[in-house]
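To start, the structure itself, in structure tokens.
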Number of protein chains: 2
Amino acid sequence: MTDAPNRSVERGFAIVDELAENGGGRVSELAERLEMPVSTVHDYLRTLVATGYVTREGKEYRTTTRFLEVGHRHRHRLEIYKAVRDQLETVAAETGEHATLLIEEDDQAVILAVEEGPDAINLFAYPGARMPLHVTAPGKAMLAHLPEERVESLLEGELVSVTSRTVTDPDRLREQLETVRERGYAVDEGERIAGMVCVAAPVLDKDDRLRGAICVCGPESRLDESRRAEIGEVVERAANVTQVNLDYV
Amino acid sequence: MTDAPNRSVERGFAIVDELAENGGGRVSELAERLEMPVSTVHDYLRTLVATGYVTREGKEYRTTTRFLEVGHRHRHRLEIYKAVRDQLETVAAETGEHATLLIEEDDQAVILAVEEGPDAINLFAYPGARMPLHVTAPGKAMLAHLPEERVESLLEGELVSVTSRTVTDPDRLREQLETVRERGYAVDEGERIAGMVCVAAPVLDKDDRLRGAICVCGPESRLDESRRAEIGEVVERAANVTQVNLDYV
DNA sequence: AGAAATTTCCGGTAGAGCCGAAACACTTCT
DNA sequence: AGAAGTGTTTCGGCTCTACCGGAAATTTCT
């Protein structure tokens with residue numbers, strides 16, 4: 001199920017990954033990093049260029065805007081993206097912080113869109129950025145509304161830790177999820193990025209199926225207890241409006 | 001040079017293209033469209049899922065946000081993107097129309113970023129959208145500053161026509177490029193999309209190498225002769241500011 | 001339930017990917 | 001300049017792997 005019956009495709013994307021990671025590369029460079037013969041890498045790069053997903057300038061190979069295109073097409077097809085788009089702007093404006101839209105994909109939280117408030121810059125928030133569900137507020141907001149069995153199998157699995165504050169105890173996480181369901185929004189305090197506080201509300205559709213989460217992030221210093229509650233209400237309201245929107249898009 | 005020595009990679013991306021085009025697909029559906037045995041397509045899809053670039057929900061396969069991620073990374077690494085980002089916002093606000101940033105990639109014009117003015121919606125302008133250079137204002141703006149020999153070999157080649165107004169005569173194009181160089185900005189009148197007028201200025205760096213183009217588009221009805229000149233000055237100024245920015249990013 | 005359609009599994013075989021080695025570019029020394 | 005070094009591209013034969021037919025399993029429709 002999880003293994004790949006086609007090595008060439010696998011290696012092809014491994015090269016793409018490598019290019020994306022380092023913003024480009026040369027034949028021998030890639031060959032070394034991927035532990036493949038140079039001539040083989042060369043063959044792959046030629047093919048990738050032919051597909052249009054990779055381009056070369058002189059000796060340097062890079063990914064092309066094709067990825068941007070496919071990515072954007074994908075995003076535009078997601079109902080939730082359209083439904084939440086203007087909400088996100090409002091949230092950013094109202095709170096003055098970074099506002100993001102996330103979805104769950106293959107057991108991870110992925111950022112779909114970012115809207116910047118007048119202040120804040122955040123290097124960790126860009127469309128496509130992914131993170132484990134349990135380490136961040138939007139992830140927990142989503143976990144709280146995923147089917148029981150999926151949550152349990154995730155909590156049974158390995159719970160990685162990314163900062164000193166990351167919660168990795170299954171029981172404490174279960175408690176937190178309960179709190180999210182009661183209160184309506186989730187909070188994390190530097191559990192993914194030290195010094196960064198996130199407040200997030202889950203977005204559900206009319207059948208209560210999870211569709212994503214709306215999240216606001218800012219520096220700890222700016223988000224004290226009362227501010228978090230304020231923001232909690234803002235994201236919750238935005239999530240509710242989205243829920244209604246979802247049926248009319 | 002242009003042919004692919006690796007069939008598997010080629011076919012893998014053919015499937016990705018197909019998925020991107022139709023927003024997903026099933027095994028037999030793809031098999032029919034690509035004229036491949038179902039079992040083969042099945043093998044490919046399994047591999048693609050393993051790479052993380054494709055996901056499945058039930059029987060339906062789709063592209064993932066991985067493309068968004070790679071695309072955004074690529075974009076952020078482009079100097080011109082950073083240099084022009086806030087300029088684009090200003091241009092959109094000042095003109096009240098759609099403002100876009102384009103670059104040249106493999107002999108095509110590709111949209112990198114879109115900023116919407118208070119009015120306008122434009123379904124044809126999304127990041128990653130690509131078009132032939134000669135059919136649109138930003139394309140001509142860029143053509144006017146590409147190396148002589150590249151321009152000539154392009155003008156020798158096939159010049160496709162996309163609307164009734166598209167200019168496909170090499171000599172007329174040569175004239176237009178000359179005008180662009182003199183005046184500083186390019187205009188197209190429904191040459192790519194009927195009823196749509198575009199005004200674009202090329203972005204050069206300090207060594208006069210072409211880096212991209214800034215473009216403003218709007219409906220013909222709203223953009224009369226004098227308005228176009230106005231916008232021409234706006235995009236030209238934005239391009240100049242960007243040129244300066246480019247050295248300090 | 002039965003039938004039809006689709007997906008998934010499996011294994012033998014042909015042919016395609018693979019990579020060593022040599023030829024070829026392009027830099028950087030002496 | 002010439003030579004040595006570094007990295008790229010071409011080539012071709014061998015081996016392994018992608019390929020696909022067919023059957024089993026699963027889902028969907030009648």
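Just so we're clear, the structure is a prediction, and the values are computed from it rather than from any experiment. Just the heavy atoms: all of them, side chains too, but no hydrogens, waters or symmetry mates, feed the values below.
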- Message: Between the side chains of A:E60 and A:R56, is the shortest nitrogen-to-carboxylate-oxygen separation below 4.0 Å, so that they form an ion pair?
- Response: no
- Note on the structure: Closest of D:dT27, D:dT8, D:dC19 to the B:R11 side chain is D:dC19
- What is the nucleic acid contact for B:S39, judged by heavy atoms within less than 4.0 Å: base, sugar-phosphate only, or nothing? base
- Task: Find which nucleotide of DNA chain D each of A:R7 and A:H42 is nearest to by heavy atoms, and output the residue with the more 5' nucleotide.
- Result: A:H42
- Item | Nearest to side-chain heavy atoms of A:V27, which nucleotide of D:dT27, D:dT9, C:dG20 | D:dT9
- Query: How many Å lie between NZ on B:K59 and C1' on C:dT7, as a whole number?
  - Reply: 5 Å
- Item | Phosphate contact (C:dT8 OP1 or OP2) by B:R26 side-chain N/O below 4.0 Å | no
- Hey, does B:I15 have a side-chain heavy atom less than 4.5 Å from the side chain of B:Y61? no
- Query: What is the distance, rounded to the nearest whole Å, between atom CD1 of A:I15 and atom P of C:dC18?
  - Reply: 9 Å
- Is the distance from OP1 or OP2 of C:dG17 to the nearest side-chain N or O of A:Y44 less than 4.0 Å? no
- Message: Could you check whether B:R7 pairs with B:E10 (Lys NZ or Arg NE/NH1/NH2 to Asp/Glu carboxylate O, under 4.0 Å)?
- Response: no
- CG of B:L34 versus P of D:dC20: gap in Å, rounded? 12 Å
- Message: Can you see if the side chain of A:S28 gets near the phosphate of D:dT8 - specifically, an N or O under 4.0 Å from OP1 or OP2?
- Response: yes
- Message: Using a strict threshold of under 4.0 Å (side-chain N to carboxylate O), is an ion pair present between A:E105 and B:R62?
- Response: no
- Grab the CZ-P distance between B:R56 and D:dT26 for me, whole Å please. 13 Å
- Task: Starting from P on C:dG17, measure out to CG on A:D43 and report it in whole angstrom.
- Result: 9 Å
- With a non-hydrogen cut-off below 4.0 angstrom, is A:T40 in contact with a base, only sugar-phosphate, or nothing? base
- Message: Nearest whole Å is fine: how far is D:dA18 C1' from B:L48 CG?
- Response: 14 Å
- Message: Rounding to an integer number of Å, can you tell me how far A:E60 CD sits from D:dT8 C1'?
- Response: 14 Å
- Message: For D:dA18 and B:N6 - does any side-chain N or O of the residue sit under 4.0 Å from the phosphate oxygens OP1/OP2?
- Response: no
- Phosphate oxygens OP1/OP2 of D:dT10: is one of them under 4.0 Å from a side-chain N or O of A:R46? yes
- Give a yes or no on whether a salt bridge exists between B:R150 and B:E104, defined as a side-chain N under 4.0 angstrom from a carboxylate O. yes
- First of A:S8 and B:Y61 reached from the 5' end of DNA chain C, by closest nucleotide: B:Y61
- Note on the structure: A:M36 CE to C:dG20 P, in whole Å, measures 12 Å
